Protein chains: 2
Amino acid sequence: MAGKVEIRRKALRENLIKIADQRIGEDGLANLRARDLAKDAGCALGAIYNIFDDLTDLILAVNALTFKRLGAAVAADLADAPEQPIEQLVVMGQAYYHFAAENHNHWRALFDLPRSEGETAPEWYLEEMGRLFSYIHGPLSVLRPNLGEKDLHLFTRALFSSVHGIVLLGIDQASAGVPEKDLDRMIALLIRQISK
Amino acid sequence: MAGKVEIRRKALRENLIKIADQRIGEDGLANLRARDLAKDAGCALGAIYNIFDDLTDLILAVNALTFKRLGAAVAADLADAPEQPIEQLVVMGQAYYHFAAENHNHWRALFDLPRSEGETAPEWYLEEMGRLFSYIHGPLSVLRPNLGEKDLHLFTRALFSSVHGIVLLGIDQASAGVPEKDLDRMIALLIRQISK
DNA sequence: TCCTCCAACTGAACGTAGTTCAATTTAACG
DNA sequence: CGTTAAATTGAACTACGTTCAGTTGGAGGA
């Protein structure tokens, strides 16, 4: 019966991720507590540390889920988009914004997780980021066929970063915020202008 | 002699801000400790709380300094800039980036300070933000004379947010980072394209 | 100059975190 | 079913921000 332990561990692992995912969604990353997790999961406090190195490790697992959902949301909206490259970029930008708005706490957790000095993001993080980039890269390469590969990559990154910045400052700051209609419009304006 | 106390309080206040400013610059916001501050300032732990409501209050004072320095840095580079509006925008964008790169920890502290749920940023924060926006608003209004006032404001905000996003993801993520040359180029490309 | 009183200052103590580890429980195997 | 090693537990440890009862020291009057 080599496995009873592994099965239980695996179940607890999934359970902990599910519960942390819920709590982050409801209360935000800053309100996640190891003791709450243990209570909700019906396990000992120390059990968390049998499975994860530390809370950061657990949060990374939640962030992986969030990243997958984000990718899926963007892909779903993209599927219904017109086939003009520029419209696809607009749809993607707005899909990114809508996901961030509707999953604020989850989305923030992607970027709020403090990575200690000089530590690089985990590999899957870069991969998921790359997937998002590749969505942009396609339409952009059609719009800008004269750009070299390196410049195209820079441009792709710049476009993503720009939309990210608009969403971040638009949603996040209590700086009087920007109404949803306006944010959608800002994103569309930016992308149309940048892709022209 | 109505004043000996006030003088000491004021001196300690300035001293604490100076020390917190240094520590944030050297070790980052996340490594700021009340006990370290007290030790460095040669005061009691509780003394900090006679002067500031809490550490957040002190950090806000440091951030106010940082914001002033940021504004001054942008203004200084702007003073040497060509008079073409588009070049001024490029210079400002790159000045923002250079400030962020050279004062990474200070710059991050501006945005990393956790504001508890629904709390709005302090007034001076919005004012300084407004000052940065007004730098952009001028040249942009020359470049886009046909835009309405509201759209111009949206565009101004979008432009700032875009540069902010590029700097944030370019500097911050350990995502293989973007070389300085490339970031300068990305910012210039974006601004030229967006202002066209 | 000295005394008195009250505001200001002090730092030990408190509450709340994440994390650890000695003691206990439990699963795997002969 | 007994033995043993690994897994699990939760009280304890450490490290924070913050508080507050006790003490100190300054300002005004005698």
Side-chain angles (χ1 to χ4, degrees), chain A residues 1-17 19-24 26-63 105 109 112-117 119, chain B residues 1-17 19-24 26-63 105 109 112-117 119:
Chain A
M1 279 296 131
K4 210 160 172 182
V5 172
E6 274 103 83
I7 288 172
R8 202 171 49 199
R9 276 175 80 97
K10 191 150 199 162
L12 181 55
R13 184 186 165 85
E14 310 251 317
N15 203 222
L16 280 171
I17 293 175
I19 290 168
D21 187 57
Q22 264 175 7
R23 283 203 95 95
I24 288 177
E26 285 166 20
D27 306 330
L29 181 59
N31 293 108
L32 194 70
R33 300 282 172 264
R35 284 168 176 79
D36 293 342
L37 285 174
K39 184 174 282 186
D40 285 5
C43 71
L45 183 55
I48 295 171
Y49 296 90
N50 295 332
I51 296 175
F52 299 99
D53 287 348
D54 49 30
L55 282 196
T56 297
D57 201 27
L58 168 54
I59 295 162
L60 279 174
V62 173
N63 280 353
N105 286 333
D112 282 357
L113 207 175
R115 275 188 302 288
S116 54
E117 202 68 39
E119 194 178 358
Chain B
M1 281 297 128
K4 210 159 174 183
V5 172
E6 272 105 82
I7 288 171
R8 202 171 47 200
R9 277 176 78 98
K10 191 152 200 162
L12 180 56
R13 182 187 167 85
E14 310 250 316
N15 203 221
L16 279 172
I17 293 174
I19 290 168
D21 188 58
Q22 264 175 5
R23 285 203 93 94
I24 288 176
E26 286 166 20
D27 305 331
L29 182 58
N31 293 108
L32 194 70
R33 301 282 174 264
R35 284 168 176 80
D36 292 342
L37 284 173
K39 185 174 281 186
D40 285 6
C43 72
L45 183 55
I48 295 171
Y49 297 90
N50 295 332
I51 295 175
F52 299 98
D53 287 349
D54 49 31
L55 282 196
T56 297
D57 201 27
L58 169 53
I59 295 162
L60 279 174
V62 173
N63 280 353
N105 287 332
D112 281 358
L113 208 174
R115 276 188 301 288
S116 53
E117 202 68 39
E119 194 178 357

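Each chain gets a letter, A, B and so on, in the order the sequences are listed, and its residues count up from 1. Treat the numbers as computed from the prediction; the structure is a model and nothing was measured.
With rounding to whole Å, A/L29 atom CG is found 11 Å from C/dG18 atom P. In this structure, NZ of A/K39 is placed 11 Å from P of C/dA17, rounded to the nearest angstrom. Rounded to whole Å, atom P of C/dC21 lies 17 Å from atom CD1 of A/I48. The distance from atom CG of A/N31 to atom C1' of C/dG18 is 15 Å, rounded to the nearest whole Å. Here the C1' atom of nucleotide D/dA6 and the CZ atom of A/R9 are 10 Å apart, to the nearest Å. One interatomic measurement links the two molecules: CZ of A/R33 to C1' of C/dG18, which rounds to 10 Å at whole-angstrom precision. Rounded to a whole Å, the CG atom of A/L37 is 16 Å from the P atom of D/dG10. Following rounding to the nearest Å, A/D57 (CG) and C/dG18 (P) show an atom-to-atom distance of 15 Å.
Minimum interatomic distance between A/N63 and A/A109 (heavy atoms only, all atoms of both residues): ND2-O, 3.1 Å.
Between atom CG of residue B/L12 and atom CD1 of residue B/I17 there is a gap of 10.0 Å, rounded to the nearest 0.5 Å. Considering CD of A/Q22 and CG of A/N105, their distance stands at 13.5 Å, rounded to 0.5 Å. In this structure, A/R13 CZ and A/L16 CG are separated by 9.5 Å, a value rounded to the nearest 0.5 Å.
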Any chance you could list the contact pattern along nucleotides 18-24 of chain D? Use B for base contacts, S for sugar-phosphate-only contacts and - for none, protein heavy atoms under 4.0 Å, 5' to 3'. BB-----
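An OP1 or OP2 oxygen of C/dA27 is reached within less than 4.0 angstrom by a side-chain nitrogen or oxygen of A/R8.
A/L32 comes within 4.0 angstrom of the backbone, heavy atoms only, and of no base.
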Side chains of residues 38-62 of chain B: which donor-acceptor partners sit under 3.5 Å, not counting sequence neighbours?
| from | atom 1 | to | atom 2 | distance (Å) |
| --- | --- | --- | --- | --- |
| B/D40 | OD2 | B/R23 | NH1 | 2.7 |
| B/D54 | OD1 | B/T56 | N | 3.2 |
| B/D54 | OD1 | B/D57 | N | 3.0 |
| B/D57 | OD2 | B/D53 | N | 3.2 |

